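Structure first, commentary second.
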Amino acid sequence: MNPRAPLARAVCATLCLALASLGAGCPADDDAPLTDAGADAGRSDAFLELTDPLSMPAVPTVSVGSFSSATTCAECHPRYVEQWAVSNHAYAMLDPLFRALTKVRQTAYAGAQDRFCQQCHSAIGTRGGEIRPGFSYADLSPVVLEGVTCEACHKVSGMEREFDSGHVLDESGPMRGTHPEPAPSSAHESVVSPLHATSEFCGGCHDVTEASGLELERPYAEWTQSPAAASGRQCQDCHMPESVGEIASGGPRTDTVHDHTFIGVDRALTADFILDPLAATEHDRRVEALLASAATVRLATAPSAPAGSLLDVVVTVRNEVEGHNLPTGSTFLRQVWLELIATDADGTVLYETGTLDADGDLRNYWSALDPYGDEDLVSLSSSFVDSRGQPTLFPWLASEHYSSSIPPLQERSFTYFVPTAAAAAGPIHLAVRLRFRTVAPFLLRALGLDASVDRVLTHDLATAATDVALP
Ligand code: HEC
Ligand code: HEC
Ligand code: HEC
Ligand code: HEC
Ligand code: HEC
């Protein structure tokens with residue numbers, strides 16, 4: 001037995017109390033062991049150091065000091081630095097939600113699994129030896145805190161796998177990009193890398209498989225089966241659109257300057273991440289625009305309600321994204337759901353699903369006020385179940401991952417039975433919304449991030465409405 005295990009379990013027991021309301025659980029003695037990637041070993045392995053020769057080496061394979069900060073690129077590539085600095089890649093190690101979750105894991109495993117969550121969020125820190133069992137964020141170098149910084153991408157010389165930080169980092173190599181015939185520079189050598197124009201390059205970090213082997217995130221795997229892949233459209237074509245400009249200050253203008261804001265769905269949980277109010281508004285606007293293109297909904301029902309019985313309402317959701325499922329990525333954090341409300345002409349609510357409790361939470365298993373209060377709730381997010389069959393929020397405790405996401409350009413229909421007998425006056429108004437938010441309030445509160453709850457915006461991806469006559 002690992003001598004640290006009993007202590008760690010005591011710490012975990014305390015944590016369990018704090019997280020008991022989440023059904024979070026702990027790696028208790030009767031749990032299936034969480035082992036080193038795929039190894040079939042005893043339960044004390046939960047506290048063995050989790051390593052991987054490429055992405056979580058026990059002995060450093062690169063030197064943190066050999067990587068340049070993004071600030072050193074600003075002299076010649078100012079626009080790239082400005083864009084990157086407000087992107088989620090720059091936020092990867094600052095994110096309070098990331099820090100809170102990794103803290104829970106650090107406590108649960110006495111630091112033994114500390115490299116796992118960091119291997120993509122800071123490959124330089126993990127491979128450079130700063131992120132090791134028991135590390136503290138306060139001790140990290142600036143370039144490690146830059147997270148997915150310029151050189152975490154532009155010093156990539158190849159791939160060993162398309163998941164779990166599968167990139168090969170060549171610390172002393174040239175700068176790699178896709179700009180043909182780059183002009184010489186005193187700052188660095190440049191080499192053309194066709195890899196950087198491919199989805200495979202993004203897949204190295206965007207597909208996440210837990211230490212247990214459970215698949216957590218798989219946008220790249222989804223993309224390989226997508227119409228976008230069939231027509232040669234890469235992640236970059238949607239997430240790094242091209243415009244006209246100069247690549248280096250004073251250089252020639254080209255029309256292949258790639259956007260580096262990497263717009264997705266996220267909005268920083270701290271208002272001080274994007275300081276410039278104009279840049280912050282622009283970020284929100286672009287997220288809204290990306291999401292507005294993501295889905296459509298249709299509502300089908302009879303033109304008039306059958307007297308005194310149930311009205312069948314069919315809602316069809318179509319994923320309009322050619323490149324991957326809806327949702328994709330961190331689907332277990334995201335909330336994507338259908339809200340359907342039926343009212344009579346007096347405004348009396350006859351039926352509702354997908355509405356929130358007084359805490360702002362969905363009325364599902366995790367609601368403190370109305371658990372399982374919304375039996376018809378349709379969610380497209382994913383969820384984890386632990387080895388005892390209990391829901392859990394933590395991927396490292398999960399033994400199953402259930403996803404309800406919709407594949408690219410496909411649709412799914414859901415049938416509701418709306419009671420109409422209580423309607424005083426017609427017509428009955430039906431309104432449906434497909435709603436999206438990056439993280440649930442209860443999760444933020446449970447992790448002590450109450451102050452961030454109001455930072456999360458709820459987006460309506462698509463809406464539809466119709467009126468039904470009373471007989
Ligand atoms: C294989 C690389 C990789 C590993 C390992 C990894 N992540 Fe991530 N993480 C990502 C990527 C890529 C995203 C962006 C996905 C998205 O936005 O849907 C992300 C996003 C996140 C976010 C969302 C940011 C937000 O504010 O909404 C959190 C939180 C997070 N990760 C926590 C973790 C934790 C905790 C672990 C360890 C269990 C972990 N990550 C392990 C690559 C990784
Ligand atoms: C002294 C100026 C200077 C500095 C500092 C500088 N670069 Fe460059 N960089 C250039 C020039 C010049 C080019 C070529 C531009 C062209 O051909 O139009 C270039 C090209 C590039 C390319 C394209 C390579 C290709 O083949 O696609 C990348 C990527 C790049 N730089 C990244 C960086 C990063 C990251 C930093 C900071 C760590 C940095 N540069 C710092 C001047 C600089
Ligand atoms: C055809 C355009 C297109 C392509 C190709 C594409 N995406 Fe997306 N992506 C979108 C749109 C639209 C959204 C917003 C809707 C959503 O979340 O699915 C999005 C969302 C995302 C998100 C945020 C998801 C979340 O909820 O956290 C990530 C991460 C992402 N894409 C990564 C990728 C990666 C990696 C690839 C390549 C393997 C890729 N995308 C290819 C259009 C595209
Ligand atoms: C997440 C990975 C990633 C990060 C972080 C990143 N880049 Fe890039 N960069 C790319 C990719 C991929 C391309 C090529 C896109 C393509 O060809 O489709 C690129 C292209 C470039 C180019 C070549 C010209 C062009 O627009 O294609 C320059 C210069 C550049 N990046 C500079 C930077 C600088 C400076 C930083 C940091 C401030 C940075 N990059 C951060 C992935 C990244
Ligand atoms: C070295 C690892 C790494 C590479 C390579 C990488 N990413 Fe990321 N990416 C991340 C991480 C980690 C996050 C989440 C950061 C956070 O919010 O905590 C992220 C976030 C994003 C987001 C924002 C998602 C959101 O929810 O808003 C987009 C979009 C994105 N990446 C696209 C790409 C594309 C396109 C490529 C390939 C050109 C790429 N990334 C390559 C690690 C990487």
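Every number for a ligand or one of its atoms is a count from 1 in the order of the listing. Treat the numbers as computed from the prediction; the structure is a model and nothing was measured. Sequence positions, counted from 1, serve as the residue numbers for this chain.
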Under a 4.0 angstrom heavy-atom cut-off, which atoms of ligand 3 come close to Ala294? 15 (C)
To the nearest 0.5 Å, how far apart are OG in Ser185 and NE2 in His77? 6.5 Å
Any idea which atoms of ligand 3 are less than 4.0 Å away from a heavy-atom of His206? 29 (C), 35 (C)
Any N/O/S atom, side chain or main chain, of His89 closer to atom 8 (Fe) of ligand 5 than 2.8 Å? yes
Please check if any side-chain donor atom of Glu222 sits under 3.5 Å from a side-chain acceptor atom of Thr328, or the reverse. yes
Heavy-atom closest contact (Arg412 atom, Ser404 atom, distance): NH1-O, 2.8 Å
Answer yes or no on whether Arg363 is positioned over the face of Tyr372, meaning its NZ or CZ is under 6.0 Å from the six-membered ring centre and within 45° of the axis. no
I'd like to check whether His167 has a polar contact with ligand 5, where a contact means an N/O of the residue lying under 3.5 Å from an N/O of the ligand. no
If we ignore angles and hydrogens, is there a donor and acceptor under 3.5 Å between the side chains of Ser141 and Glu130? yes
Contact flag His324/atom 8 (Fe) of ligand 3, N/O/S atoms, threshold under 2.8 Å: yes
Can you list the ligand 5 atoms lying under 4.0 Å from a non-hydrogen atom of Cys235? 35 (C)
Mark the output for Glu222 as yes if a heavy-atom distance to ligand 3 is under 4.0 Å, and as no if none is. no
Near Tyr220, which atoms of ligand 3 are under 4.0 Å from a heavy atom of that residue? 38 (C)
Rounded to the nearest 0.5 Å, how far apart are CG of Leu94 and CG of Leu269? 11.5 Å
Note: Arg132-Glu49 ion pair, threshold 4.0 Å (strictly below): no
Interfacing atoms of ligand 3 (cut-off 4.0 Å, heavy-atom, Asn325): 18 (O)
Heavy atom of Phe262 under 4.0 Å from ligand 5? yes
Think Arg445 forms a cation-pi with Phe442, using NZ or CZ under 6.0 Å from the six-ring centre and within 45 degrees of its axis? no
Once the angle between the rings of Phe135 and Tyr137 is folded into 0 to 90°, is it parallel (under 30°), tilted (30 to 60°) or perpendicular (over 60°)? perpendicular
Atom 8 (Fe) of ligand 3 to nearest N/O/S of His239 below 2.8 Å: yes
Applying side chain to side chain donor-acceptor pair (under 3.5 Å) to Asp52 and Ser55, what does each step give before you reach the verdict? CA-CA 6 Å; Asp52 174 88; Ser55 58; 3.2 Å; yes
Sub-4.0 Å heavy-atom approach of Cys120 to ligand 5: yes
Any chance the side chains of His401 and Ser382 put a donor and an acceptor closer than 3.5 Å? yes
Pair Phe384 and Phe332, ring centroids less than 6.0 Å apart: yes
Residues Glu339, Arg433: salt bridge by 4.0 Å N-O rule: yes
Thinking salt bridges, do Arg286 and Glu288 make one under a 4.0 Å N-O criterion? no
Which atoms from ligand 5 have a heavy atom of Val265 less than 4.0 Å away? 25 (C), 26 (O), 27 (O)
Within less than 4.0 angstrom of ligand 3, does Gly329 place any heavy atom? no
If the cut-off is 4.0 Å to any non-hydrogen atom of Asp95, which atoms of ligand 5 fall inside it? 18 (O)
Are Phe163 and His206 near enough that their ring centres are under 6.0 Å apart? no
I need the atoms of ligand 3 closer than 4.0 Å to a non-hydrogen atom of Cys238, numbered in the order shown. 1 (C), 2 (C), 3 (C), 4 (C), 5 (C), 42 (C), 43 (C)
Go ahead and list the nitrogen or oxygen contacts between ligand 2 and the protein that come in under 3.5 Å, distances to 0.1 Å, or just say none.
unit_1: ligand 2; atom_1: 7 (N); unit_2: His77; atom_2: NE2; d: 2.8
unit_1: ligand 2; atom_1: 7 (N); unit_2: His188; atom_2: NE2; d: 2.8
unit_1: ligand 2; atom_1: 9 (N); unit_2: His77; atom_2: NE2; d: 2.9
unit_1: ligand 2; atom_1: 9 (N); unit_2: His188; atom_2: NE2; d: 2.9
unit_1: ligand 2; atom_1: 17 (O); unit_2: His179; atom_2: NE2; d: 3.3
unit_1: ligand 2; atom_1: 17 (O); unit_2: Ala183; atom_2: N; d: 2.7
unit_1: ligand 2; atom_1: 26 (O); unit_2: His179; atom_2: O; d: 3.4
unit_1: ligand 2; atom_1: 26 (O); unit_2: Val191; atom_2: O; d: 3.4
unit_1: ligand 2; atom_1: 27 (O); unit_2: Thr178; atom_2: N; d: 3.1
unit_1: ligand 2; atom_1: 27 (O); unit_2: His179; atom_2: N; d: 2.8
unit_1: ligand 2; atom_1: 31 (N); unit_2: His77; atom_2: NE2; d: 2.9
unit_1: ligand 2; atom_1: 31 (N); unit_2: His188; atom_2: NE2; d: 2.9
unit_1: ligand 2; atom_1: 40 (N); unit_2: His77; atom_2: NE2; d: 2.8
unit_1: ligand 2; atom_1: 40 (N); unit_2: His188; atom_2: NE2; d: 2.8

contact_flag Asp266 ligand 3 heavy-atom lt 4.0 Å: no
Within ligand 3, which atoms have a heavy atom of Val321 less than 4.0 Å away? 10 (C), 12 (C), 42 (C), 43 (C)
Can an N, O or S atom be found in Cys205 less than 2.8 Å away from atom 8 (Fe) of ligand 5? no
Taking NZ, NE, NH1 and NH2 as the nitrogens, is one of them in Arg218 or Asp207 under 4.0 Å from a carboxylate oxygen of the other? no
For ligand 5, which atoms, with element, lie under 4.0 Å from some heavy atom of Tyr91? 17 (O)
Arg334 neighbourhood, listing ligand 3 atoms whose heavy-atom distance to it stays under 4.0 Å: 25 (C), 26 (O), 27 (O)
Is it the side chain (CB and beyond), the backbone, both or neither of Phe436 that lies under 4.0 Å from ligand 3, heavy atoms counted? side chain
Check ion pair Asp114-Lys103 (N to O, under 4.0 angstrom): no
Give the ring-plane orientation class for Tyr109 versus Phe47, where under 30° counts as parallel, over 60° as perpendicular and anything between as tilted. tilted
Numbering as shown, the atoms of ligand 5 that approach Ile263 to under 4.0 Å (heavy-atom distance): 29 (C)
Tell me whether Arg127 is salt-bridged to Glu171, with the criterion being a basic N under 4.0 Å from an acidic carboxylate O. no
Gln236 heavy atoms, cut-off 4.0 Å: which ligand 5 atoms fall inside? 38 (C)
Going by heavy atoms, is Val156 under 4.0 Å from ligand 5? no
Residue Trp223 vicinity, atoms of ligand 3 by number, heavy atom under 4.0 Å: 38 (C)
